[in-house]
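I have placed the structure first, in the form of structure tokens, so that the comments after it can refer back to it.
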Amino acid sequence: MRQRILPPAKIGIIGGGQLGQMIALSAIEMGYRVAVLDPDPFCPCACLAQPFIKADYTDVVALAQLVELCDVVTYEFENADSALIDGFNINGKIPQGALALTLSQHRLKEKAFAEFLEIPCPKYWPVLSHKDLFKLNDFPLIIKSCRYGYDGKHQYIIRTKEDLKALKLEFPSEYIAEKLITFEKEISVVAACFKDGISLFEPFENVHVNGILSTSRHPALISPQLQRQALETTEKIAHALDYIGVLAVEYFISSEGLLFNEMAPRPHNSAHGTIEGCTFSQFDLHVLSITGSSLVQTRRSSLTMMINILGQDLPLALKKFSKCDPNETHLHLYGKKEARENRKVGHVTLCAATLNDLQKDINDWRNNS
Ligand code: ADP
Ligand code: MG
């Protein structure tokens, strides 16, 4: 890692979605300038960028321009081209590097990596051909494309041989079949990896609806033993990746104990509540770590519940917001041009000092309409 990069240096962000936007807001607040590369000139980050580079993520000339213009570069999504990231990571200019990206953008590689570290995962099978597909018999299963899946996209629940026969998969695309876990809870751990140490947020407790994150509670209501195990496991992953920046790991809590689901080498939706709930948010820690700060520990100052707003829910969410206690309800809208169905357009964070108060805020939010 190079020297500390101080403001007003320029941070380049590959990807201009809401994660890029919140990284940019945090960076700008600290006095950095940001440049953004994204194919969509109306993406959430475009208005913050100086300059905004409208280009495809695989446009080598545009990427070279971004790297040249900036003092440090980050990516905000895991489908950035890992070979290009590796190629442009000269002198550690892209501190997150390509290894975590290469592993996390392919579900089979990611699971093999977890197993290599002796971290338990749901039982899984590679599905690389029709032959692999029709060999499967340990139902119920969930079949996922190895690449380009997010928010439950390209995932199929298979309960019977008939479901399997009806499934139309295209090869040579690669898939993974996983045992469908009956989990008690889903949690995530978000780690900020600095050049000299790792800072960990307490686990987040996540509820998904139709494969899309719906709510995240911080901290998760789990036993101290499970909390310790989740933090230690995440630390082990972070160490093995030799990674700088924020990294998130998702787990299931099941009768088999803690099971690794997936990881993301970037800030994570489940930790948006850290903007209000912690002394340094996940975005602050991402900016600080990639600019070469030494270890920063963050403290939780509030209990939080983060509630995602999907396109179709926006009118109702605004109505609820207007009726909730403004002292405890923080609204974030990402400025997306269209409020599309099942796409995240914003979130709300409810803050409280006690579990009872937080529950009251949650009930108010649910009951207001
Ligand atoms: P992504 O978040 O990239 O879309 P995930 O693998 O995290 O993909 O799957 C989305 C959600 O689907 C999970 O958060 C979980 O609710 C459910 N899910 C995924 N894999 C399993 C599994 N093996 N068993 C049970 N539920 C699963
Ligand atoms: Mg997930």
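Atoms within a ligand are numbered from 1 in the order they appear, just like the ligands themselves. Note that the coordinates shown come from a computational prediction; the quantities given were computed from them, not determined experimentally. FYI, the numbering just counts along the sequence from 1.
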| request: Report, in ascending order of atom number, the atoms of ligand 1 lying under 4.0 Å from any heavy atom of Gly149. | output: 3 (O)
| query | Which of these, Glu262, Met263, His208, His154, has its nearest heavy atom closest to atom 1 (P) of ligand 1? | reply | Glu262
| message | Test your reading of the structure: does Glu186 have an N or O sitting under 3.5 Å from an N or O of ligand 1? | response | yes
| message | So if I count the atoms of ligand 1 from 1 in the order they appear, which ones are less than 4.0 Å from some heavy atom of Asn261? | response | 5 (P), 6 (O), 7 (O)
| query | What protein heavy atom is closest to atom 24 (N) of ligand 1, reported as residue, atom name and distance in Å? | reply | Ile181 N, 2.8 Å
| query | Do Ile142 and ligand 1 have an N or O pair less than 3.5 Å apart? | reply | no
| task | Flag the pair Asp357 and Lys360 as a salt bridge only when some basic side-chain nitrogen lies within less than 4.0 angstrom of an acidic carboxylate oxygen. | result | no
| Ion pair Lys123/Glu178, N-O distance below 4.0 Å | no
| note | In terms of its nearest heavy atom to atom 10 (C) of ligand 1, the top option of Glu178, Lys123, Gln155 is Gln155
| remark: For Phe183, the ligand 1 atoms with a heavy-atom partner under 4.0 Å come out as 16 (O), 25 (C), 26 (N)
| request: Evaluate the 4.0 Å heavy atom contact test for atom 17 (C) of ligand 1: does a protein atom fall under the cut-off? | output: no
| field | Identity and distance of the protein heavy atom lying nearest atom 6 (O) of ligand 1 | value | Lys144 NZ, 2.6 Å
| With the Mg ion (ligand 2) at the apex, how many degrees lie between OE2 of Glu262 and OE2 of Glu250, rounded to 10 degrees? | 80°
| message | Please list, in number order, the atoms of ligand 1 under 4.0 Å from a heavy atom of Lys179. | response | 22 (C), 23 (N), 24 (N)
| query | Salt bridge check: are Arg266 and Glu78 linked by an N-O gap of less than 4.0 Å? | reply | yes
| query | Which is closest to atom 27 (C) of ligand 1 in terms of heavy atoms, Tyr251, Phe252, Tyr124, Tyr148? | reply | Phe252
| note | Here the gap from Asn342 atom CG to Asp151 atom CG, rounded to the nearest 0.5 Å, amounts to 8.5 Å
| message | Could you tell me, atom by atom, which parts of ligand 1 come under 4.0 Å of a heavy atom of Glu250? | response | 7 (O)
| Reported NE2-to-OH distance for the pair His347 and Tyr334, which is rounded to 0.5 angstrom | 5.0 Å
| note | Numbered in order shown, the ligand 1 atoms found under 4.0 Å of a heavy atom of Gly152 are 4 (O)
| request: Begin with the C-alpha distance, continue with both residues' side-chain angles, and end with the deciding distance and a verdict on side chain to side chain contact (heavy atoms under 4.5 Å, CB included) for Thr298 and Thr274. | output: CA-CA 9 Å; Thr298 180; Thr274 60; over 6 Å; no
| said: Let me confirm one number: the CG-CE distance from Leu6 to Met30, rounded to the nearest 0.5 Å. | reply: 12.0 Å
